Amino acid sequence: MKEDTKITHAGRHPRDHFGTVNTPVYRASTILFESVEEYKKPKGPRDKRYGRRGTPTHFSFEDVVSALEGAHGATITPSGLNAVAIAVLAFVGHGDHVLMIDTAYGPARRLANTYLKKIGVETTFFDPMIGAEIGGLIRPNTRVVYVEAPGTQTFEMPDIPAIAAVAHARGATVLMDNTWASPLFFKPFSHGVDVSIHAATKYIVGHSDAMLGVVTCNKATFDAVRDVSDTLGVYAGPDEVYLGNRGIRTIAVRMRQHEVNALKVARWLQDRPEVKRVLYPALPQDPGHAIWKRDFLGASGLFGLVLNPASDAGVTAMLDGLELFGMGASWGGFESLITWTHPEENRTATKWSPGGPTLRLHIGLEDTDDLIADLEAGFERLGANR
Ligand SMILES: Cc1ncc(COP(=O)(O)O)c(C=O)c1O
């Protein structure tokens with residue numbers, strides 16, 4: 001099956017559900033068995049019937065995400081951050097060491113610096129451009145190498161296959177936050193990743209109206225992740241899962257349009273005198289472009305921007321007056337967003353001093369002429385508040 005067909009059909013079984021196209025919302029805690037024999041029968045994970053272990057609503061979503069990412073199996077979590085936590089906790093314990101990319105999502109860093117530290121797991125943050133030299137940081141007790149590509153504030157593009165090859169040779173498991181690319185534009189398991197993490201809240205749900213996470217695994221890692229999730233009682237409600245399942249059916253058309261729109265806006269921004277640098281690996285001028293082109297199948301709508309030196313009042317006036325760009329911490333929905341980021345506060349192995357304020361834009365599905373006009377008016381306000 002080709003990818004667009006998989007997205008449309010995987011995990012759907014209308015005949016089992018009154019012919020409904022989408023797998024319905026099953027609300028369940030108690031699930032009844034037909035007989036003592038049925039109740040006692042040895043059970044596979046999906047037959048251990050109890051609401052917390054999932055219903056056809058959950059299985060449908062697990063199956064389509066797994067099919068799209070080429071995974072052995074998937075585990076659903078109530079948020080992307082919980083997906084990060086479950087994935088990491090599946091592979092570390094007291095006395096272990098984690099290598100985490102310096103550009104990891106802020107709360108993933110917090111997990112490392114607080115909870116992991118409390119349970120006796122040490123974390124070393126590494127330069128996203130480290131490549132195969134990561135070998136110099138691997139210790140005998142390094143269990144996990146945690147990457148994100150690109151980092152979603154500064155958009156540096158790590159060489160994941162190079163990092164993964166060294167990590168595997170030294171016995172570590174490679175975990176990746178693949179939210180930026182979505183399951184469509186990066187295939188983690190063919191690039192050396194063992195566990196892929198998604199904030200499904202973003203592109204999978206795609207409409208800014210649900211919190212959801214999902215961890216996909218290869219055969220070697222699946223049981224460990226599922227075991228932690230089962231042990232901790234991790235569960236996402238069926239309405240959220242339904243929205244994830246519905247959202248993913250249109251992910252391909254949305255992602256392709258996000259990419260087209262983002263490239264148009266990014267190219268326009270590159271030529272603006274107010275802009276020092278656009279941080280977007282899909283642009284040929286970006287230092288991460290060659291790796292992106294080699295490993296990725298597309299680029300999402302999220303990228304960064306470094307402005308030429310500007311006053312706080314100028315940046316504030318620019319952002320406050322935008323009419324189409326919303327100001328919000330998330331991304332991945334159909335609508336455009338902008339935020340003023342401070343990546344220097346969130347890294348320790350490397351410095352971020354780009355010589356001007358950093359912004360992050362999520363380019364939605366609006367007409368790009370309108371988005372550009374909105375930004376153009378923003379630049380006028382920036383100029384008027386020097
Ligand atoms: C890259 C990345 N990973 C994980 C998360 C966490 O996802 P959630 O907000 O669903 O917990 C986010 C949220 O912003 C994110 O940007």
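Small disclaimer: the values here were computed from a predicted structure and weren't measured. Count residues from 1 along the sequence. Just so you know, ligand 1 is whichever comes first in the structure, and atom 1 is the first atom listed for that ligand.
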Original post:
Has K202 got any heavy atom lying under 4.0 angstrom from an atom of ligand 1?
Top reply: yes
Subject >> Any W180 heavy atom less than 4.0 Å from ligand 1 >> reply: no
Subject >> Nearest non-hydrogen protein atom, atom 10 (O) of ligand 1 >> reply: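 Result: T201 OG1, 2.6 Å.
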Original post:
At what distance is the nearest protein heavy atom to atom 5 (C) of ligand 1, and which residue and atom is it?
Top reply: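 Its nearest protein heavy-atom neighbour is Y105 CE2, 3.3 Å.
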Relative to the heavy atoms of [X], which atoms of ligand 1 are at a distance of less than 4.0 Å?
X	value
L81	6 (C), 7 (O), 8 (P), 11 (O)
G80	6 (C), 7 (O), 8 (P), 10 (O), 11 (O)
M211	8 (P), 9 (O), 10 (O)

Between [X] and [Y] (judged by ring centroids, cut-off 6.0 Å), do the two rings come close enough to count as a pair?
X	Y	answer
H258	Y203	yes
H58	Y235	yes
Y26	H17	yes

Determine whether the side chains of [X] and [Y] contain a donor N or O and an acceptor N or O closer than 3.5 Å.
X	Y	value
E344	S353	no
T103	E156	no
R139	T142	no

Subject >> Over 12 foreign heavy atoms within 6.0 Å of NZ, K43 >> reply: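 Atom NZ in K43 is crowded, with more than 12 foreign heavy atoms closer than 6.0 Å.
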Can you check whether [X] has an N/O within less than 3.5 Å of an N/O in ligand 1?
X	answer
D177	yes
T152	no
E148	no

